[in-house]
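Every chain is numbered from 1, with letters handed out A, B, ... down the list of sequences. It should be emphasised that the depicted structure is a prediction, and the values quoted were computed from it without experimental measurement.
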Amino acid sequence: MPKVKVAGKAKVIVIIGVAFLAVGLMALNRPATGEQAGTAKTVALSEASAQCMQCHGQKGFSITWNDKTVNLYVDEKSYLESVHGGNDCVTCHQTISGFPHEKVVYGKDLSKEVAGSCQMCHSNIADKYQDSVHGRLAAKGKTAPYCADCHGKHDIRRKTDAASNIAQQNMSATCGKCHSGKVIAAYEYSFHGTAVELGYENAPSCADCHTAHSILEPENPLSTVALENQPKTCAKCHANAELNFAKGKKHAVPQDRKNALPLYIVWKIFMVLIVLDLFKDGFIMILELVRRLRETRAAAVTTRKERSVQK
Amino acid sequence: MTEQKAEGKTNSVPMFVERFNKHQRYQHLLLMISVTMLMITGFAIKFGHSAYATFVVAIFGSFRNLFNVHLFMAVVMIITAVYHLVYLIFGWRYYGVSWAMVPTLKDLTDALQHARYLLGLSKERPRYGRYSYLEKIEYLAVFWGIPVIGISGLTLWFPDIAARFVPLWVIDAMRIVHSNEALLCLFAIVLGHVFWEHMNPGVFPTSSVWINGKISLAHMAEEHPLEYEQLVKEYAAKGIKIEKPEHGHGRFIHSRPLMIAELIAYILIFGWLFWVFVPKLFV
């Protein structure tokens, strides 16, 4: 009897082991992004909004304004799937009432007008935005993003939704619409940017360091990226980040001689080493093959001669 | 095995002698596996925005898996390096001290003679001992490369610890060191090492030294003539005469199609690499 018991125990251990292995493998191959994204909500348009869609639901519906074609079409399906799918059109487009519309504005003016509607619900965010570098530029009438420029218009999705403009993987492209060039190139080159691109959900994108709505210029002592605050910001992930985390150019690529000379020098040294190594290998390998080819031909010629002499 | 048996029975001259002992073969195998995996995973990170990266991440299932494999293999490589050092220090008691790997003045003259031979200025190949000057360069490249890539890699693995001692720009510089040393290593292996141990018509498709540790006398006589002569002397002292090996080695040693195909492939590869890397010197 005890023997049987031991065998049973072994069996149980094996089964538990296999189960752990299976669960572990399943956990390893779990898709990187959350799957709750894009859950279909059964939202239908209200009667008033359905009226709007009689025209705005027509594909290709547009108008010419300032010699530019303005698209007036709204994709109903994508709107209903968005976080605002349960709202009426006029919740955001407050100045629109009746037909023909009066006081219609387009482009940046429309963005600004709708941003006013956003803060009816999102007032706490609006306060942060107004103090941020974006909000202050907007208040001065300079080029600056309003809510819709980052979040999208009729297709606003949650940050956790992979299709969202502000999803971890899409954020650099969204910020890059204005902050193009060196900054984005350097972020994409960095390990952070590479890991995000390849689907590592814990790696930081723009807002993780710069914040989403309270973005301040680095000269501002309240900014998360001000020199004195950088170690604290890094410490969000790097537990023991010390003052040294502030001592280095952020957003630098090695080719940037002016801003990151030490990186440039290290990069140059390795380029020289690589080219020297290629010259060494290329010279030796190619000539070695050429030499051996000639030697085998010479050997073949002599044996042929010997044979003909023998004949 | 069969050769050893034959040797034991008839006390005749072996056709093969051991070039790499068991420990050296284990070290080579561990290094081969770790470096290959490190490169597959590492270059997916260095070239993270390429189709190659997407492909490799898909194979591993996620970036997290890929990165964990990279870290695991890094540990394997460090263990291999420690294994080698322990082998060097303690192995001397069992295998005897060997200074064969240490560069000497002869390596310099060998290199010059090799260059003259390659350029057609001389018909004589340099006569190498146990290790040619190229093999010494390769070994020293690994000997310096593992600390470089290991220390820079550990700095990147534990940036918070590194930052206790160095500013952030040093850690950033370490990333350039790490990924470009890896590129250097890739070229040294895929071009140089693979050429000498696989593509070289004398050993094509592969040298057997890394598999069973053995080298044929014919191969030794051709590529390590001084070591071969030493061996002949040693056997002569024991009263055994070694005839010049007649059997030859390498099925492809005179294969012209192989040489021509390789020549075309290497000219294209090196042409492309120069096209890519030489302009980087002038940025």
Just so I know, are the side chains of [X] and [Y] near enough to count as touching, which here means a heavy-atom distance under 4.5 Å?
X	Y	value
A:Thr194	B:His49	yes
B:Ile176	A:Tyr264	no
B:Val166	A:Asn244	no
A:Arg297	B:Arg256	yes
A:Asn202	B:Arg64	yes

Legend entry - Heavy-atom proximity to chain B below 4.5 Å, by part of A:Asp277: side chain
How close do [X] and [Y] get, heavy atom to heavy atom, and via which atoms?
X	Y	answer
A:Arg292	B:Pro201	NH1-CD, 4.0 Å
B:Asp160	A:Ala239	OD2-N, 3.3 Å
B:Lys280	A:Lys268	O-CE, 3.2 Å

Legend entry - Heavy-atom neighbours of B:Phe47 CZ exceed 12 at 6.0 Å: yes
Inset, instruction - Count the heavy atoms belonging to other residues, nucleotides or ligands that lie under 6.0 Å from CD of A:Glu228, then report whether that count exceeds 12. - result: yes
Legend entry - Option from B:Phe67, B:Phe60, B:Phe63 for which ring pair (Phe, Tyr, Trp, His ring centres under 6.0 Å) with A:Tyr200 holds: B:Phe63
Legend entry - Top contributor to chain B contacts, counting heavy-atom pairs under 4.5 Å, from A:Glu288, A:Lys250, A:Glu197: A:Glu288
